[in-house]
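Worksheet: the structure to be examined is printed underneath.
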Amino acid sequence: MITVERLCKSFGSLAAVDDVSFSVNEGEIFGLLGPNGAGKTTSINMICGVLKPDGGRVVIGNKDIWLEPKAVKRTLGVVPQEIAVYEDLTARDNLNFWGSLYGLSGGDLKSRVDESLTTVGLTDRAGDRVKEFSGGMKRRLNLCMGLLHHPRVLLLDEPTIGIDPQARLNILEVVREVADGGTTVLYTTHYMEEAQELCDRIAIMDHGKILTVGTLDELTRLAGEAEVLRLTGDFDDPSIRDRLLALDGVRVLKVDDRIAVLSVEAGGPGLLEVLPRVLAADLGVEDVSIQQPNLQSVFISLTGKELRD
Amino acid sequence: MRNIVTIAVHDLRLTLSDRGAIIWILLLPIVFATFFGLVMGAGSSPADATASLVVVDLDGSVVSQSLIKDLAGEGVSVTELTPEERSTNPDIVRTLVIPESFGEHVLAGEQQTVRFEKEPDTSAEAALVAQARVVAAIARTIGRLVVASADVEDGAMIPADLFSAVDVSPDLVTVETRLAGRATVIPGGFAQSIPGMAVMFVMLIALTYGAASISAERVSGNLRRLATAPVSRGEIVAGKICGRFVVSFFQITILMIVGLIAHWTLGIFIGDHPFQMWLVLLLFATAVAPLGVALGGWIQDPDRAASVGVILTMVMAAFGGCWWPLEFVSKPLKTLALAFPSGWAMRTLHGVVSFGQTLGEMRLNLLALIVFGVVFGILASRSLRVD
Ligand SMILES: Nc1ncnc2c1ncn2[C@@H]1O[C@H](COP(=O)(O)OP(=O)(O)OP(=O)(O)O)[C@@H](O)[C@H]1O
Ligand SMILES: [Mg+2]
């Protein structure tokens with residue numbers, strides 16, 4: 001449904017998006033996961049036809065968005081990362097304006113507006129000015145505006161930033177519903193839990209590049225089947241680091257002054273044997289936590305840093 | 001087209017949702033126009049002012065007294081003074097002096113000269129009004145003479161009692177007292193302040209609110225979001241320009257209605273062609289609407305955009321003749337005024353309001369406003385970026 005080919009964009013000498021390619025199948029929720037500054041928003045802006053790419057192309061439903069912008073945009077719903085609504089107008093006025101840009105009018109428009117207000121749970125605040133809304137309500141309206149015209153493809157740029165867990169669950173719920181209705185979703189986030197829970201397939205992005213693409217299973221297998229050990233202690237002494245690196249049966253994914261992340265090598269001795277060995281190595285470990293392999297460990301193994309760095 | 005209308009109507013709604021904007025759009029222009037209208041000539045205006053005039057009657061005959069009565073009948077407020085009173089009062093600005101034996105000579109059919117004196121540096125407009133009324137009163141006197149002479153032999157003197165018995169009804173001799181002397185009159189009072197303030201406030205709203213709202217929309221991400229909808233960039237630019245125009249249309253129409261009401265109820269002078277005035281103001285609005293959009297496109301920060309809009313408005317108002325009549329200024333400044341759409345608008349409005357010119361006669365002015373609109377439109381479409 002969405003095909004992105006060799007997309008590039010530079011700002012001065014900074015390659016914000018560098019040779020990015022991926023494709024999203026119809027009806028799928030596709031996650032674009034990456035830390036701040038990875039180039040997610042820049043990618044979305046090029047995909048939705050707002051920012052002209054330096055190179056590459058974007059095909060949505062067999063049409064190139066830069067060649068047939070109007071036809072493609074009619075099928076597209078976009079929810080930008082920055083809340084973009086008119087604060088001086090009511091929620092309903094915002095939606096009415098937005099809906100009429102997609103050719104909705106009269107009773108049709110009204111029923112769509114009512115429906116999407118219900119979807120995001122803003123019906124009883126529809127007549128209030130947006131500037132009186134809480135942050136979470138604005139976020140929901142921001143989302144609502146992207147759903148109004150029943151797009152076939154929905155592009156969501158970090159739709160859950162800066163809101164409480166309850167409101168976040170609500171938004172994830174809505175996205176899932178929309179996808180169940182057959183809409184193709186491209187979802188960017190820097191929360192790995194969201195990507196893990198929501199997305200059918202995930203692309204991990206950093207420094208403008210796609211590092212890997214796959215289902216959650218495929219990606220975690222990539223990092224090794226085994227568990228991840230996360231040690232806390234003083235690791236700035238080079239001799240301790242040497243001892244860490246010399247350990248058998250583990251792979252050091254990352255080490256800094258306070259944190260070391262090790263993965264237990266697949267096909268090796270296994271956690272029960274490795275753990276006592278680590279503790280006996282006199283590394284000054286203050287705390288150990290054991291994690292199942294997840295996107296975090298995938299990200300660490302790909303980049304040598306944690307997602308929240 | 002539908003998108004352009006949608007965006008334009010949306011813009012009007014956005015502007016009207018701001019209560020402060022209403023004050024600037026409607027209230028202040030009315031306050032300013034009233035203030036300047038009263039300050040600049042106390043509401044005197046070419047067609048309806050009652051001119052005041054001091055008359056020194058050295059003659060004191062039936063004829064001179066009849067002339068004075070006719071003057072009052074023409075709407076001149078006449079104060080009769082003796083030469084001594086006249087010379088001791090320094091505040092007198094206009095005087096009509098009727099010479100000795102004026103009546104005698106007139107009744108004998110000899111030509112006579114009355115003297116109209118005007119102090120320098122006093123209102124030329126009021127003087128012209130008074131002068132026109134004097135001419136009308138003299139015409140009436142001549143009318144009486146013509147009627148009375150019908151009963152008298154050729155060349156004979158008309159008896160005074162015959163003269164005073166003649167009843168000259170107003171329609172027997174009428175003189176058009178409207179001031180049609182083009183460019184010799186300087187519009188003052190409401191004839192200046194209403195067009196001046198209308199032009200200035202249309203410009204102020206288009207350039208400040210217009211520019212600030214465009215850059216605010218970019219800062220808030222709404223402009224970029226608009227570009228994700230099935231709307232072309234051209235439609236966005238056109239929609240925004242039309243939006244500013246729709247706001248001006250609303251403003252101009254309400255102000256014109258207020259003007260008409262003031263005219264009917266208070267007798268405020270707004271000229272004889274309010275509809276043409278409305279059209280000229282609308283054309284002016286189409287010329288400046290794209291300039292507001294262009295400013296908003298260029299200037300990133302909404303506050304800065306608004307302050308640049310204010311400065312530009314003040315410059316164009318001053319040089320365009322919104323504050324004082326252009327007929328008043330030196331030739332180079334008159335020429336400079338033509339560099340601004342406001343100058344062309346004021347010129348055209350004075351033509352409509354004070355000089356009785358038709359829009360057809362002023363088509364060059366209208367064309368100039370259109371050219372400004374096109375040039376600013378091109379600037380707007382270059383400057384408005386959505387990414
Ligand atoms: N208009 C711009 N001018 C200059 N640099 C830019 C511009 N937009 C983005 N960048 C840079 O491009 C890089 C990618 O930015 P982008 O906003 O795409 O990241 P992101 O993945 O969306 O990050 P976040 O999670 O913080 O939203 C960043 O280094 C950013 O500073
Ligand atoms: Mg972003």
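In what follows, every chain begins at residue 1, and chains take the letters A, B, ... in the order their sequences are listed. Nothing here was measured: the structure is a model prediction, and the numbers come from that model.
- Surrounding CD of A:Glu28 are more than 12 heavy atoms belonging to other residues, nucleotides or ligands, all under 6.0 Å away.
- Listed options A:Val78, A:Leu76, A:Asp93 were ranked by heavy-atom pairs under 4.5 angstrom with chain B; first place goes to A:Val78.
- At a 4.5 Å heavy-atom cutoff, A:Asn94 makes no contact with chain B through either its backbone or its side chain.
- For A:Arg168 and A:Tyr191, the positive end sits near the middle of the six-membered ring, less than 6.0 Å away and at most 45° from its axis.
- Listed options A:His149, A:Lys52, A:Arg129 were ranked by heavy-atom pairs under 4.5 angstrom with chain B; first place goes to A:Arg129.
- Only the backbone of A:Ile83 has a heavy atom closer than 4.5 Å to any heavy atom of chain B.
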Indicate every side-chain donor-acceptor pair of residues 12-23 of chain B with a distance under 3.5 Å to a residue at least two apart or in another chain.
| unit_1 | atom_1 | unit_2 | atom_2 | d |
| --- | --- | --- | --- | --- |
| B:Thr15 | OG1 | B:Asp11 | O | 2.9 |
| B:Ser17 | OG | B:Leu14 | O | 2.7 |
| B:Asp18 | OD1 | B:Gly20 | N | 3.0 |

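- Ring centroid separation for the pair B:Phe284 and B:Phe372 does not come in under the 6.0 Å cut-off.
- In this structure, no portion of B:Leu223 lies under 4.5 Å from any heavy atom of chain A.
- A 6.0 Å sphere centred on CG of A:Asn62 holds no more than 12 heavy atoms belonging to other residues, nucleotides or ligands.
- In this structure, the portions of B:Arg224 lying under 4.5 Å from any heavy atom of chain A include both its backbone and its side chain.
- For a residue to count as touching a neighbouring chain, one of its non-hydrogen atoms must lie under 4.5 Å from one of that chain's; by this rule A:Leu101 touches chain B with backbone and side chain alike.
- Residue A:Asp88 touches chain B through both its backbone and its side chain, counting heavy-atom pairs closer than 4.5 Å.
- When each of B:Leu255, B:Ile205, B:Thr34 is checked for a side chain to side chain contact (heavy atoms under 4.5 Å, CB included) with B:Pro29, only B:Leu255 meets the rule.
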